[in-house]
Amino acid sequence: MGRGVDPPRSARGRPVTAAAAATETGDAFARVAGRPDVVAQLRAAVAAPLHAYLLVGPDGSGAAAAAAAFAAALLCPLGGCGRCRDCRLALAGEHPDAVTFAPEGAFLRMSDAEEIARVAVRSPLEGNRKVLVLSDFHRVRHVGPALLKTIEEPPETTVFVILADTVPPELVTIASRCVRIEMTPVPVEALVELLVDEDVDTAAARVAAEAAGGSLGRAQLLVTDPGLAARREAWARAPERLDGTGAAACVVASELLELVEAAAEPLRRAQAEEAAELEERAATTGERGTGRAQFEASQRRALRRHRTEELRFGLATLAARYRDHLAGADAGSELSALLAAVDAITTATVALARNPNETLLLQALLVGLPSLASGEHAPSAQSSASVSRP
Ligand SMILES: [Zn+2]
């Protein structure tokens, strides 16, 4: 399957890194894939940027790639040629005037806010502009007010690009001072196209795209994940194994959670490679320690997010299984049991955002779901299976 460990070019000769793609196409935005609307907005802003932009969308939504491309375009004398030194450095995350901040702990600390404020008022080191990318800013919590003034009135030369998964109440005031750009989910068809462009075969691309929840990052990870089909099957078949008892619910819940845990393996491998690369670079440049804690914290966050995405995918697969039975259900109690099941799964999915005890959440959900006992084998088949109330 197509994607190796960040080679400069893919098997079909396509550039793989953002910097390589930009150089080839002469466009800093070359790798901001599947979001022509976002690219158009950012491009239009390059000539006369305002003081702050807020990109809202989960990890994997492409917000980080969009921010890097926007930073390159803002620093490039040609507005994002993709080829000059400014573009190349900014796209590689190494431009001295494109500074990225990510909270090291679970939330931003006052010391983080002070550091951001300090860097924001400093003059650019090289050109006439400085871009501050504030990553994971939904975790601003109580330091928001301390940064408000800096973000709404930075020096003329400073542009903020703020990234947030969502806009929690404590981010609302800052958000109101920014140009807000939504990173909506990438449509499945666009994801398939992007993956095929990266040399993934069409069938595998489709499977990954459908399980990716609109995230290119997750889709790219899923194509390297041989366990995807088995996990989908396990979630789809769970209703056949339920019988309304707590015992069955516990067994199924613990098996599904083991799969969720195992699903992080490709990500762990990729992270280990990233860490090794960082080590190697530190060894050759002699820069050691800087950003290390930040790097590790961001890896831990990526793992946590991966877990939530995986559970969301599992629950969506489970809901689809009940939905598939709706068409063949009798209009009475059978139909209402199926509808209640879909509702309960939706409620559990929403609850994931509150960081619940996953085992308890899943057990409580499964014990209340009707069994779909049947002799059928195709998990997504429309069907004649009987629904029995536990
Ligand atoms: Zn350039």
Side-chain angles (χ1 to χ4, degrees), residues 17-19 22 28-29 31-32 35 38-39 41-43 45-46 49-76 79-80 82 86-104 107-109 112-140 143-144 147-148 150-152 154-155 157-167 171 174-175 177-183 217 290-291 293-295 297-299 301-302 305:
T17 65
F29 290 94
R31 283 305 292 267
V32 184
R35 304 180 178 285
V38 169
V39 171
Q41 272 176 283
L42 294 176
R43 258 193 231 285
V46 171
L50 298 176
H51 59 281
Y53 294 80
L54 172 64
L55 274 54
V56 182
D59 186 47
S61 67
F70 188 39
L74 289 170
L75 296 170
C76 168
D86 290 310
C87 280
R88 280 183 288 112
L89 287 179
L91 288 167
E94 289 167 359
H95 197 294
D97 286 324
V99 187
T100 297
F101 288 92
E104 284 179 21
F107 293 98
L108 239 79
R109 288 182 298 233
D112 296 324
E114 287 161 4
E115 173 71 4
I116 290 167
R118 200 161 44 237
V119 175
V121 298
R122 251 188 243 148
S123 305
L125 291 165
E126 297 198 345
N128 50 17
R129 206 174 263 159
K130 171 190 282 288
V131 182
L132 263 66
V133 179
L134 310 185
S135 182
D136 292 290
F137 218 61
H138 51 281
R139 298 193 286 121
V140 64
V143 309
L147 274 171
L148 186 60
T150 309
I151 291 173
E152 69 185 348
T157 50
T158 296
V159 176
F160 280 100
V161 181
I162 302 173
L163 311 181
D165 285 11
T166 57
V167 178
L171 186 52
I174 287 178
R177 309 297 201 275
C178 301
V179 177
R180 181 165 166 169
I181 295 174
E182 298 288 337
M183 304 295 294
T290 55
Q294 218 177 66
F295 174 76
S298 97
Q299 288 204 330
R301 283 197 305 276
R305 264 193 290 246

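Nothing fancy with the numbering, it's 1 onward along the sequence.
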**OP:** Could you tell me whether a side-chain N or O of His51 sits under 3.5 Å from a main-chain N or O of Pro154, the two making a donor and an acceptor?
**Re:** no

Subject >> Point-to-point distance, once rounded to the nearest 0.5 Å, from CD of Gln41 to CD of Glu182 >> reply: 9.5 Å

**OP:** Give a yes or no on whether a salt bridge exists between Asp136 and Arg305, defined as a side-chain N under 4.0 angstrom from a carboxylate O.
**Re:** yes

Original post:
Just how far is it from atom CG of Asp97 to atom CG of Leu89, taken to the nearest 0.5 Å?
Top reply: 10.5 Å

Original post:
Looking only at atom types and distance, does a side-chain atom of Arg177 sit under 3.5 Å from a main-chain N or O of Ile151, one as donor and one as acceptor?
Top reply: no

Original post:
Closest approach of Leu55 and Ala63, non-hydrogen atoms and distance?
Top reply: CD2-O, 3.7 Å

**OP:** Apply the test side chain to side chain contact (heavy atoms under 4.5 Å, CB included) to residues Ile116 and Leu147: give CA-CA distance (whole Å), side-chain angles for both, the deciding distance (0.1 Å), then the verdict.
**Re:** CA-CA 8 Å; Ile116 290 167; Leu147 274 171; 3.8 Å; yes

**OP:** Heavy atoms only: give me the nearest Gly57-Met183 pair and the separation to one decimal.
**Re:** CA-CB, 3.9 Å

Original post:
If you measure from CZ on Arg118 to OG1 on Thr150, what distance do you get to the nearest 0.5 Å?
Top reply: 11.5 Å

Original post:
Can you name the nearest heavy-atom pair linking His138 to Asp165, along with the distance?
Top reply: ND1-N, 3.0 Å

Original post:
With side chains defined as the heavy atoms from C-beta onward, is the minimum distance between Phe160 and Ile174 less than 4.5 Å?
Top reply: no

Original post:
So which heavy atom on Ala98 is nearest to which on Ala71, and how close?
Top reply: CB-CB, 4.3 Å

**OP:** Carefully, step by step, assess His95 and Val131 under the rule side chain to side chain contact (heavy atoms under 4.5 Å, CB included).
**Re:** CA-CA 10 Å; His95 197 294; Val131 182; over 6 Å; no

Original post:
Can you find a heavy atom in the side chain of Val133 that is under 4.5 Å from one in the side chain of Phe70?
Top reply: no

**OP:** Carefully, step by step, assess Val32 and Leu42 under the rule side chain to side chain contact (heavy atoms under 4.5 Å, CB included).
**Re:** CA-CA 11 Å; Val32 184; Leu42 294 176; over 6 Å; no

Subject >> Any donor-acceptor N/O pair, Thr158 side chain to Ala120 backbone, under 3.5 Å >> reply: yes

Original post:
Taking it one step at a time, do Phe101 and Leu132 satisfy side chain to side chain contact (heavy atoms under 4.5 Å, CB included)?
Top reply: CA-CA 8 Å; Phe101 288 92; Leu132 263 66; 4.0 Å; yes

Subject >> Spacing of Ile162 atom CD1 and Leu134 atom CG [to the nearest 0.5 Å] >> reply: 5.0 Å

Original post:
Leu75 and side chain to side chain contact (heavy atoms under 4.5 Å, CB included): which partner among Lys130, Glu126, Arg129?
Top reply: Arg129

Subject >> Nearest atoms (heavy-atom pairs only) where Gly127 meets Pro124 >> reply: O-CB, 3.5 Å

Subject >> Nearest non-hydrogen partners of Leu91 and Ala28, listed with the distance >> reply: CD2-O, 3.7 Å

